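Have a look at the structure below before the remarks.
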Amino acid sequence: MTALPIQTDALTLMAGDHALVDRATLRVEAGEVVAVTGGAGSGKSLLLRALAGLPLPGIDVAGNARVDGRRLLIAQGGVLAPRRPLGAQAAEILGHHLGLDAGASLRRLSDALDRLGVPAAARRLDLPPDRLPDGLRWTALFALALAVGPAVLMADAPGAGLDPTVRLRLLHRLAEWARGEAVALILAGRPEDGVAGPATRALALHRGRLLPAAPVSVTASRRSPAAAPPGGPLLSGRGVTVSFPLGRTAKGEERRLTVVHPIDLDLAEGETLVLLGETGSGKAMLARALAHLPAPTEGRVAWKGRALEPGDAAGMRRTRRDLQVLFPDPAAALDPAQTVGAQLAETLESLRPDIPADRRARRVADALESAGLPAHTAQRWPASLSAAEAARAGLARALLPEPRALVCDEPAASLSAEERSAFLDDLLALRDRHRLSLLLTTEQAEEGLRHADRALVLLMGRVVESAPAGTLRHGARHPLTRAMLAAARGECPRLDGEAPSALAAREGCPLRTRCPNERPFCAQSVPTLEEIAPGHRVACHYWDTP
């Protein structure tokens, strides 16, 4: 009987009296792809280091772990030297493992890049990794691993930081290579990173035990969509545009970088509107422009029918009471030199001067408890808060003036899947209890649509699809929306390459270099939004292509 590439029996990793990995038994066959998921601190990295035979300072190891054949571990964040040419690193690494000269090493790396779908025109072997786009840097790292030809490959948080459509495409290609070359592949990451998508089998590390992973729960929103009130929308934007100066040309003409092209939208009372998009889509800039943080370069924003004017300090203060913002890094939004309670009291004094001073402490305590924190959190300093606690402190501050609407710019982006789910559940419960309107930005398509009434999908500052959330979940027509939903399900998206950049904008449709529906006409004009069904609009020349 042929020995398995990876076998462990009751593998235990101890830190003092605490079992970080408790009696883990693992069998991985040649050509099998196994996902190991878990939250931060669950022991994934330690398990992979133990399998790779790397030192584990301060960790006691018991049990048995056997790995046959050449093994490679891709650590978190990758292992490439950031400023040394990629070709030079390939020659050194492949020379060390395989005894190849520089020319043979580069040819072998080029073959591996071919396997991962990188065209010759995109290769930059003379550039250092820090000069490469993130997606290409990760692809080059995986290609180096492929070129070494290991029997066992382990990757810790592979593709971390990439857009979901880019990451899932890359992970599926890596899994396809492993199956074709009979390589045992372990992908470790958080449940929300999608590492289970291309896997044959998914395991989860929970409280030190390695167990079969539970399927990802996908449930519908807990309430029916909101209906627009007779008085019209709370927040409106018309022709909202955001651009930045880039200096002047040789002829003295001003150059500007436009990151949000003219967009119209309305947010009704009690409604949740989600802005979906990848990196550089403009969703965060649009959300902040609607809250005048800062004001849009062009266009008009109105709150309850009244135009917001940047120079009207009194009017903006009244609006700030009703329209609050949650930020993607809640800890950074807190002043480290003040306690949580002092900051909340300061906010309350500024936005609600009608509340007497002797009642402010009680209001702060109530807001903290509404956000899921004990009242004594008011005495704590921001540095002592966990990421989840900081997010809830930010939510408490936003709730203080009793707003009508919240602009939520990925407020749970820094949280683990479990923490994010709990935070969003509480946010939605507050929405329903207080009939709040929510404007939510996210790159997590399935999650965003599950909690929203309507959605706008953005690409390079333009809306490319808009519809009720349920329509997009089950009947999206734009290739980008479909790809984002496929990535959320762990499937291989049909988009290839990285998200386009406004700094390198091309003529025509901005998705055309990645799109499976691309035709010559796509290079000639930017698609405009057209209504294909009541309430459903798409900007794609070939939206009806299967």
Side-chain angles (χ1 to χ4, degrees), residues 15 18 20 38-45 76-77 157 160-161 190-193 206-207 284 287-288 291 293 320 323-352 355 360-403 406-431 433-434 436 438 440-444 447 451:
H18 180 56
L20 302 172
S42 62
K44 306 183 299 298
S45 298
Q76 287 190 24
R190 302 174 304 171
E192 63 268 29
D193 290 339
H206 181 64
R207 296 182 179 177
R288 295 188 182 209
L293 293 171
R320 287 280 175 263
L323 181 63
Q324 285 285 298
V325 181
L326 298 178
F327 297 100
D329 187 355
L334 295 171
D335 183 351
Q338 286 185 300
T339 64
V340 172
Q343 295 180 64
L344 266 62
E346 191 175 87
T347 298
L348 190 60
E349 181 180 5
S350 172
L351 298 179
R352 291 295 304 271
I355 296 177
R360 289 173 191 157
R362 181 68 260 168
R363 175 63 72 87
V364 167
D366 289 344
L368 287 169
E369 291 172 351
S370 294
L373 293 172
H376 64 72
T377 306
Q379 280 73 55
R380 295 176 61 184
W381 296 90
S384 72
L385 302 178
S386 67
E389 289 171 331
R392 291 180 179 277
L395 176 58
R397 182 165 61 181
L399 294 173
L400 273 175
E402 298 182 333
L406 297 179
V407 174
C408 307
D409 183 11
E410 302 213 47
S414 61
L415 308 186
S416 68
E418 186 176 347
E419 292 169 338
R420 187 172 65 243
S421 178
F423 178 86
L424 290 175
D425 281 347
D426 289 346
L427 176 62
L428 297 174
L430 289 167
R431 170 198 67 180
R433 187 182 313 146
H434 300 291
L436 289 168
L438 299 184
L440 176 67
T441 77
T442 183
E443 64 175 19
Q444 304 292 334
E447 180 182 82
H451 298 316

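Quick caveat, the model's predicted, so the values are computed rather than measured.
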Heavy-atom closest pair, residues [X] and [Y]:
X	Y	answer
Glu192	Leu415	OE2-O, 4.0 Å
Ala390	Pro330	O-CB, 3.4 Å
Pro336	Trp381	O-CE3, 3.7 Å
Val364	Ala345	CG2-N, 4.0 Å
Glu410	Thr442	CD-CA, 3.7 Å
Pro403	Gln324	CB-CG, 4.0 Å

Can you tell me if [X] uses its side chain to pair, donor with acceptor, with the backbone of [Y] under 3.5 Å?
X	Y	answer
Arg363	Leu400	yes
Arg352	Thr347	no
Gln76	Ala157	no

Under the rule for side-chain contact (heavy atoms from CB on, under 4.5 Å), what residues qualify as partners of [X], not counting sequence neighbours?
X	value
Arg360	Leu348, Glu349, Ile355, Ala357
Pro411	Leu326, Cys408, Phe423, Leu440
Gln343	Leu334, Asp335, Gln338, Pro382, Arg397
Ser386	Ala388, Glu389

Does the side chain of [Y] come within less than 4.5 Å of [X]'s, by heavy atoms?
X	Y	answer
Arg190	Ser416	no
His451	Leu427	no
Leu373	Val340	no

With rounding to the nearest 0.5 Å, note down the distance linking [atom1] in [X] to [atom2] in [Y].
X	Y	atom1	atom2	value
Glu402	Leu436	CD	CG	10.5 Å
Leu430	Leu406	CG	CG	8.5 Å
Arg392	Thr377	CZ	OG1	11.0 Å

- [ ] Output all residues satisfying side-chain hydrogen bond (donor to acceptor under 3.5 Å, both in side chains) with Asp366, sequence neighbours left out; order by chain, then residue number.
- [x] Arg362
- [ ] Check side-chain hydrogen bond (donor to acceptor under 3.5 Å, both in side chains) between Thr441 and all other residues, then give those that pass, not counting sequence neighbours.
- [x] Asp409
